[in-house]
S.K.: 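The following block contains the structure, expressed as structure tokens.
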Amino acid sequence: MHPSSCDTFVALPPSTEGQRIIFGKNSDRPCDEVQEVVYFPAKDYEAEEKVECTYIEIEQVAHTYAVVLSKPAWLWGAEMGANEHQVCIGNEAVWGKESADGDEALLGMDLVRLGLERADSAEKAVDVITELLEKYGQGGSCMEDESGFTYHNSFLISDRKEAWLLETSGKYWAAERVEAGYRNISNQYGITTKIDKEHPKMREYAQSKGWWDGKSKFNFATVYSFTTTARIEASGSRYCEGKKLLQKSDGHITAETMMDILRDKDSGINMEGMFMTTGSMVSVIPTDPALPGVHYFTATPDPERSVFKPFIFVNHVNELKETTSPSYGPDDPVKKKPRFQSKPDRKHELFVKHELVAAIVESYKDRGKKITESMRQLEKEKMTQMEELLSQGIENPKRWEDLFPRSVQDEMYAYGKS
């Protein structure tokens, strides 16, 4: 297996319709890995409390924001998610001249969750992540049963007004503000000469390593990237195809556009095989702060045969039981040494039912077509319902407390009915 990882997209006015920001990401992970969708409410903490991330314990903050996350079930962090302030974050694996090997520290996925829990804007998330990176570093295996799979991270972060691209190499980093149009990232450095924030010693370090002469115009991607590798060539192809798909709908990009891009198999964006798309997310964020954001998650592999189900932040959100994996607490192999033992069953209820139906879809053409049509109809109905909220706002928040779990139940009912 040659891991390739993910693609993340954001589109801002004037590329979108209706003064909205559209965020999307496919999480490409080992094909046997379960991705859960979970919700954590806002919470206050006592002084000097700690938070246990995937591998290390760090200092907790006084208050964390409510978050909804799509995450590999075995770790603490997340591949992608959003918070109550409509900040959205997705991360990508990147490899460059700086070695990604190192001691266990914060995973990029931990930084995604920490950024969402602690930042009320995209720019603030950049600050949170880079401060944590400086203090704790990044490192550790990014697969449950593969000790050698390590990487640096890039992040695409958006809120109601703008997006930020943050790229890291060890503790060094550069960030670029995106105020209009569209942007996508894959598994390669993409920041060039437009750098709006950076590590204060990032250029000095590159010069000390002989990567930059200190005189020519500084290009982050050129300085910190490998010249070429098989990984870079593969991600470069996906990046170019993703950019073309965004460009094709420029000025008219919608949630449906983003879902179609994430479902596209010809481009390689919807990945198949031993390393595949195990979860997908699309968020619709109106620039008007009076209107709610809507966040769609699949919680299942392959968006082509999955339903994007809506979630909105209200004061009280019901537990997302059907997409929450079993918890093993201190008995979890991830918390033990040596870590890499037999893996426990992490399948949540929706995942189990989805995989049973996927087998039917693949084996029985007519019945499979009927099931797929039923799923698409359900998705369309949910999106039509959400369009009213996106345009008119929320009159009765209590009505939407169980929106996502109710949508999951509707999906499972559609499986049985078909």
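Numbers here simply count residues along the sequence, with the first being 1.
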S.K.: I'd like to know if the side chain of T287 and the backbone of Q19 have a donor-acceptor N/O pair within less than 3.5 Å.
M.R.: yes
S.K.: Using 30° and 60° as the class limits, which term best fits the ring planes of Y205 and Y172: parallel, tilted or perpendicular?
M.R.: parallel
S.K.: Considering non-hydrogen atoms only, spot the tightest contact between E79 and C6 and give its length.
M.R.: OE1-SG, 3.3 Å
S.K.: Let me confirm one number: the CD-CZ distance from Q86 to R160, rounded to the nearest 0.5 Å.
M.R.: 5.0 Å
S.K.: Taking atom NE2 as the centre, does H252 end up with more than 12 heavy-atom neighbours from other residues, nucleotides or ligands that are less than 6.0 angstrom away?
M.R.: no
S.K.: Hey, are the side chains of N315 and P397 touching, using non-hydrogen atoms and a 4.5 Å cut-off?
M.R.: no
S.K.: Measure the shortest side-chain to side-chain distance between I253 and R20 over non-hydrogen atoms and say whether it is less than 4.5 angstrom.
M.R.: no
S.K.: Above 12 or not: heavy atoms from other molecules or residues under 6.0 Å from CG of D103?
M.R.: no
S.K.: Short question: side chain of R263, backbone of P303 - any donor-acceptor pair under 3.5 Å?
M.R.: yes
S.K.: Is the distance between the ring centroids of F23 and H295 under 6.0 Å?
M.R.: no
S.K.: Could D264 and K244 be called an ion pair, given the rule that one side-chain N must be under 4.0 Å from one carboxylate O?
M.R.: no
S.K.: For the residue pair Y55 and W74, categorise the inter-ring angle as parallel (less than 30°), tilted (30 to 60°) or perpendicular (more than 60°).
M.R.: tilted
S.K.: If we only count heavy atoms from C-beta on, is the C31 to F275 side-chain gap below 4.5 Å?
M.R.: no
S.K.: Could you give the distance from CD (E52) to CD (Q60), rounded to the nearest 0.5 Å?
M.R.: 12.5 Å
S.K.: Step by step, work out the side chain to side chain contact (heavy atoms under 4.5 Å, CB included) result for T222 and W211.
M.R.: CA-CA 9 Å; T222 299; W211 301 340; over 6 Å; no
S.K.: Any ion pair linking K309 and D410 (charged N to carboxylate O, less than 4.0 Å)?
M.R.: no
S.K.: Could you tell me whether the side chains of S15 and D250 share a donor-acceptor contact shorter than 3.5 Å?
M.R.: yes
S.K.: Nearest 0.5 Å, please: how far is CD in E401 from CZ in R406?
M.R.: 10.5 Å
S.K.: Can you check side chain to side chain contact (heavy atoms under 4.5 Å, CB included) on L262 and D260, steps first, answer last?
M.R.: CA-CA 5 Å; L262 298 183; D260 288 342; over 6 Å; no
S.K.: Tell me if a side-chain donor or acceptor on T298 pairs with a main-chain N or O of S280 at a distance below 3.5 Å.
M.R.: yes
S.K.: Please round to the nearest 0.5 Å and tell me the distance separating atom CD1 of I89 and atom CD1 of I129.
M.R.: 4.5 Å
S.K.: Side chains of S225 and Q188 only: does a donor on one sit below 3.5 Å from an acceptor on the other?
M.R.: no
S.K.: Cation-pi check, K197 to W173: give yes when NZ or CZ is under 6.0 Å from the six-membered ring centre and within 45° of the ring axis, no otherwise.
M.R.: no
S.K.: Do T277 and D28 get their side chains close enough for a donor-acceptor pair, meaning under 3.5 Å?
M.R.: yes
S.K.: So, the side chain of N184 versus the backbone of G242: is there a donor-acceptor pair under 3.5 Å, distance only?
M.R.: no
S.K.: Test D332 against K343 for salt bridge (charged side-chain N to carboxylate O under 4.0 Å, His left out), laying out the working first.
M.R.: CA-CA 9 Å; D332 197 305; K343 295 188 291 185; over 6 Å; no
S.K.: Could you check if a side-chain atom of Y39 sits within less than 4.5 angstrom of a side-chain atom of F311, using non-hydrogen atoms only?
M.R.: yes
S.K.: Under 4.5 Å between any side-chain heavy atoms of V94 and E167, yes or no?
M.R.: no
S.K.: Using a strict 4.0 Å threshold on nitrogen-to-oxygen distance, state whether K135 and E59 make a salt bridge.
M.R.: yes
S.K.: What's the spacing between S391 OG and L291 CG if we round to 0.5 Å?
M.R.: 7.5 Å
S.K.: Check step by step if side chain to side chain donor-acceptor pair (under 3.5 Å) holds for D159 and S121.
M.R.: CA-CA 6 Å; D159 58 21; S121 71; 4.7 Å; no
S.K.: More than 12 heavy atoms of other residues, nucleotides or ligands under 6.0 Å from CD of E46: yes or no?
M.R.: no
S.K.: Any luck finding a side-chain donor-acceptor pair between T168 and Q138 under 3.5 Å?
M.R.: yes
S.K.: Are the charged groups of E241 and R238 less than 4.0 angstrom apart, N to O?
M.R.: no
S.K.: Can you tell me how far CD of Q409 sits from NZ of K321, rounded to the nearest 0.5 angstrom?
M.R.: 10.0 Å
S.K.: Do the side chains of K161 and E179 get close enough for a salt bridge, i.e. N-O under 4.0 angstrom?
M.R.: no
S.K.: Going by distance alone, is a donor N or O of one side chain under 3.5 Å from an acceptor N or O of the other, for H199 and E134?
M.R.: yes
S.K.: Hey, does Y45 have a side-chain heavy atom less than 4.5 Å from the side chain of V61?
M.R.: no
S.K.: Kindly determine whether T193 and N219 satisfy side chain to side chain donor-acceptor pair (under 3.5 Å), including the steps that lead there.
M.R.: CA-CA 5 Å; T193 57; N219 181 311; 5.7 Å; no
S.K.: E256 and T254: side-chain donor and acceptor closer than 3.5 Å?
M.R.: yes
S.K.: Take V282 and F297, measure what side chain to side chain contact (heavy atoms under 4.5 Å, CB included) needs, and give me the verdict at the end.
M.R.: CA-CA 7 Å; V282 170; F297 295 92; over 6 Å; no
S.K.: Between the side chains of E381 and Q385, does any donor sit under 3.5 Å from an acceptor?
M.R.: no
S.K.: Using side-chain heavy atoms (C-beta onward) and a distance below 4.5 Å, is Y224 in contact with M202?
M.R.: yes
S.K.: Taking E162 as the fixed residue, which of K124, R177, R183 is the one that meets the salt bridge (Lys or Arg N to Asp or Glu O under 4.0 Å) rule?
M.R.: R177
S.K.: K265 and D302: salt bridge (charged side-chain N to carboxylate O under 4.0 Å, His left out), yes or no, with the steps?
M.R.: CA-CA 10 Å; K265 292 189 175 180; D302 188 353; 3.0 Å; yes
S.K.: Could you check whether the rings of W95 and F149 sit parallel, tilted or perpendicular, using 30° and 60° as the cut-offs?
M.R.: tilted
S.K.: List the steps, then state whether side chain to side chain contact (heavy atoms under 4.5 Å, CB included) holds for E176 with F220.
M.R.: CA-CA 11 Å; E176 177 186 348; F220 182 80; over 6 Å; no
S.K.: Quick test of your reading of the model: are K382 and E379 salt-bridged, counting only N-O distances below 4.0 Å?
M.R.: no
S.K.: Salt bridge between E117 and K43, side-chain N to carboxylate O under 4.0 Å?
M.R.: no
S.K.: Once you measure the plane-to-plane angle for Y65 and H63, does it fall in the parallel (<30°), tilted (30-60°) or perpendicular (>60°) bin?
M.R.: perpendicular
S.K.: Examine distances only and state if a side-chain atom of N26 and a backbone atom of M271 form a donor-acceptor pair shorter than 3.5 Å.
M.R.: no
S.K.: Testing the 3.5 Å rule here: is there a donor-acceptor pair between the side chains of N153 and N91?
M.R.: yes
S.K.: Test side chain to side chain donor-acceptor pair (under 3.5 Å) on E92 and T8 and set out the steps.
M.R.: CA-CA 8 Å; E92 304 285 335; T8 310; 2.4 Å; yes
S.K.: Hydrogens and angles aside, do S27 and Q35 bring a side-chain donor and acceptor to less than 3.5 Å of each other?
M.R.: yes
S.K.: Under 3.5 Å, is there a donor-acceptor pair between the side chain of S249 and the main chain of L246?
M.R.: no
S.K.: Any side-chain heavy atom of T324 within less than 4.5 Å of one from E349?
M.R.: no
